[in-house]
Amino acid sequence: MKDEILISDKQIAKLAKRVAKTFSLDEEEAISTIYEEWEVVEALFHAHTKVKAVHRHLVDVINHTYRIA
């Protein structure tokens with residue numbers, strides 16, 4: 001199972017802080033958004049592994065999906 005990647009609570013917390021700041025949400029709402037888009041988040045962590053890169057791509061996906069910006 002080399003293709004399986006574990007996403008730590010620490011990485012989720014960091015991502016939530018970045019998402020909260022980007023979209024002016026509180027961290028609880030950011031975590032909820034992350035879990036709503038969990039399949040995308042998993043794929044992004046698999047592709048990029050770094051929270052900063054995952055955040056950048058996740059913001060693009062959210063903006064495109066919800067037509068925010």
Side-chain angles (χ1 to χ4, degrees):
M1 288 194 195
K2 280 188 173 184
D3 291 338
E4 190 173 322
I5 185 167
L6 297 177
I7 303 169
S8 71
D9 290 340
K10 186 176 179 180
Q11 288 174 308
I12 296 299
K14 283 183 178 181
L15 183 59
K17 280 186 180 186
R18 288 177 178 265
V19 169
K21 186 175 181 181
T22 300
F23 294 112
S24 299
L25 304 170
D26 62 32
E27 284 188 44
E28 199 170 293
E29 291 173 317
I31 289 174
S32 176
T33 302
I34 289 167
Y35 285 116
E36 284 176 17
E37 300 295 334
W38 187 249
E39 288 180 11
V40 174
V41 171
E42 279 185 317
L44 290 172
F45 268 110
H46 185 72
H48 303 287
T49 67
K50 300 288 184 184
V51 173
K52 188 174 184 177
V54 170
H55 170 258
R56 185 174 64 241
H57 291 285
L58 180 61
V59 167
D60 289 344
V61 168
I62 290 171
N63 282 337
H64 180 71
T65 301
Y66 298 102
R67 305 271 190 233
I68 293 173

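In this chain, numbering begins with 1 at the start of the sequence shown. Just so you know, these numbers use all the heavy atoms, side chains as well, and skip hydrogens, waters and symmetry mates.
- Side-chain contact check for Lys52 versus Lys14: every heavy-atom pair is 4.5 Å or farther apart.
- Taking 4.5 Å as the limit, some side-chain heavy atom of Val59 sits within range of a side-chain heavy atom of Phe23.
- Between Ile7 and Ile12, the shortest heavy-atom contact is CG2-CD1, 3.5 Å.
- In this structure, the side chains of His46 and Glu42 stay at 4.5 Å or more apart for every pair of heavy atoms.
- Remark: Asp60 CG to His55 NE2 distance equals 9.5 Å, nearest 0.5 Å.
- By the 4.5 Å heavy-atom criterion applied to side chains, Phe45 and Leu58 are not counted as neighbours.
- Contact between Glu29 and Asp26 at its shortest, heavy atoms only, is N-OD1, 2.8 Å.
- Side-chain contact between Leu15 and Gln11 is absent, with no heavy atoms from C-beta onward closer than 4.5 Å.
- A distance of 9.0 Å separates CD1 in Ile62 from CD in Glu36, rounded to the nearest 0.5 Å.
- In this structure, Ala16 and Glu27 approach most closely via the heavy-atom pair CB-O, 4.4 Å.
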